[in-house]
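Below you'll find the structure, written out as structure tokens, and then a few comments.
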Amino acid sequence: MSRLQAGARAVFPRPADVGEIVATALEALGPQPQPVLADIPSGLPEVLADPAIAERVIVNLVGNALRYSPAAPPLLTARTAGNRVELRVVDHGPGIPAPDRKRVFQPFCRLGDPGDRTSVGLGLAVARGLAETMGGTVEPEETPGGGLTMVLTLPAAPARPAAEPRGTRRIRAA
């Protein structure tokens, strides 16, 4: 967190597949007492992101959803939104009251029972800071029916010409 606040950023954005980033993030969570449902459609544009950093953001957001929504599995969805790709982590836990939605992104902010010591209150601050280093955002929304939806947006990578598969470079002869 101190490196983010100081502006020290070791981020290496490149075109990356959202489905692969999500799969790696869910794998990094390890075994969970309940599943995480994912609905990542094929055909999404690649995002311009550092895959390891994007994975960390998703792990933080999904980890919170698992922690605060123990009765229902969280849902992770993705869609195109203009020139961005939007990932939504939907839970049906207690949510965050509207007046506290900005405050939860401050370092060491923890809502809820003061006796609950499962975290130090850095996850959302780090997630937002890392997303911003990649030109993205993290914003909270109320989940219809109760709960919280965290929305991660990342810039869509420029489309590659159809004749060039991934990993192919065009070299012009002299």
Side-chain angles (χ1 to χ4, degrees), residues 1-5 8-70 72-93 104-105 107 118-141 143 147-162 164-169:
M1 190 68 225
S2 61
R3 282 187 273 165
L4 282 171
Q5 290 174 332
R9 299 179 179 138
V11 176
F12 304 100
R14 61 177 174 81
D17 182 85
V18 174
E20 290 174 13
I21 293 170
V22 167
T24 304
L26 295 178
E27 204 172 281
L29 282 166
Q32 296 296 317
Q34 67 176 334
V36 175
L37 306 176
D39 182 13
I40 311 300
S42 62
L44 285 174
E46 291 181 309
V47 292
L48 193 56
D50 183 317
I53 302 294
E55 173 193 325
R56 185 74 252 155
V57 173
I58 294 167
V59 166
N60 282 3
L61 298 178
V62 173
N64 275 354
L66 286 164
R67 183 178 303 119
Y68 295 107
S69 183
L75 171 64
L76 179 59
T77 65
R79 69 181 182 125
T80 304
N83 62 350
R84 304 180 77 71
V85 173
E86 187 178 270
L87 291 119
R88 303 172 78 77
V89 179
V90 181
D91 75 48
H92 293 284
V104 295
F105 292 101
T118 59
S119 73
V120 295
L122 285 174
L124 290 177
V126 168
R128 178 177 267 178
L130 292 174
E132 289 174 353
T133 66
M134 296 182 291
T137 62
V138 174
E139 295 295 332
E141 293 180 356
T143 299
L148 183 71
T149 297
M150 295 301 278
V151 183
L152 165 64
T153 61
L154 294 169
R160 297 174 196 243
E164 290 183 38
R166 289 183 190 169
T168 301
R169 293 190 327 193

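We're numbering straight along the sequence, starting at 1.
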Point-to-point distance, once rounded to the nearest 0.5 Å, from OG1 of Thr153 to CG of Asn83
9.5 Å
Given side-chain contact (heavy atoms from CB on, under 4.5 Å), test Met150 with Asn64 step by step and report yes or no.
CA-CA 10 Å; Met150 295 301 278; Asn64 275 354; over 6 Å; no
Please name all residues satisfying side chain to side chain donor-acceptor pair (under 3.5 Å) with Arg14, sequence neighbours left out, ordered by chain then number.
none
Salt bridge (charged side-chain N to carboxylate O under 4.0 Å, His left out) pairs, two or more places apart, involving residues 73-83:
Arg79-Glu86
Less than 4.5 Å apart, any side-chain heavy atom of Pro73 and any of Pro35?
yes
Could you tell me which residues satisfy side chain to side chain donor-acceptor pair (under 3.5 Å) with Thr24, sequence neighbours excluded, listed by chain and number?
none
Heavy-atom closest pair (Ala157 atom, Pro15 atom, distance to 0.1 Å) is CB-CB, 3.9 Å
Would you check if the side chain of Thr77 reaches a backbone N or O of Asp39 as a donor-acceptor pair within less than 3.5 Å?
no
Shortest non-hydrogen contact between Ala127 and Asn60, atoms and distance:
N-ND2, 4.0 Å
Considering non-hydrogen atoms only, spot the tightest contact between Ala38 and Leu26 and give its length.
CB-CD1, 4.1 Å
Excluding sequence neighbours, so at least two apart, what forms side-chain contact (heavy atoms from CB on, under 4.5 Å) with Pro158?
none
Name all residues meeting the side-chain contact (heavy atoms from CB on, under 4.5 Å) criterion together with Ala52; count only those two or more places apart in sequence or in a different chain, and write none if there are none.
Asp50
From Thr133 OG1 over to Arg128 CZ, what is the distance, rounded to the nearest 0.5 angstrom?
13.5 Å
Measuring from atom CG of Leu154 to atom CD of Glu46, what distance do you get when rounded to the nearest 0.5 angstrom?
12.5 Å
Non-neighbouring partners of Ala23 that pass side-chain contact (heavy atoms from CB on, under 4.5 Å), sequence neighbours left out:
none
Closest heavy-atom pair and its distance - His92, Ala72:
CB-CB, 4.4 Å
Minimum heavy-atom distance between Ala25 and Ile58, given as atom pair plus value:
CB-CG2, 3.6 Å
Which atom names give the shortest non-hydrogen contact between Ala78 and Pro41, and what distance separates them?
O-CD, 3.3 Å
Option among Val90, Val89, Leu152 that satisfies the side chain to side chain contact (heavy atoms under 4.5 Å, CB included) test with Leu76:
Val89
Working note: Leu87 + Ile21, criterion side-chain contact (heavy atoms from CB on, under 4.5 Å); need CA distance, chi angles, decisive distance, verdict.
CA-CA 11 Å; Leu87 291 119; Ile21 293 170; over 6 Å; no
Could you check whether any side-chain N or O of Asp91 sits under 3.5 Å from a backbone N or O of Leu148, counting only pairs where one atom can act as donor and the other as acceptor?
yes
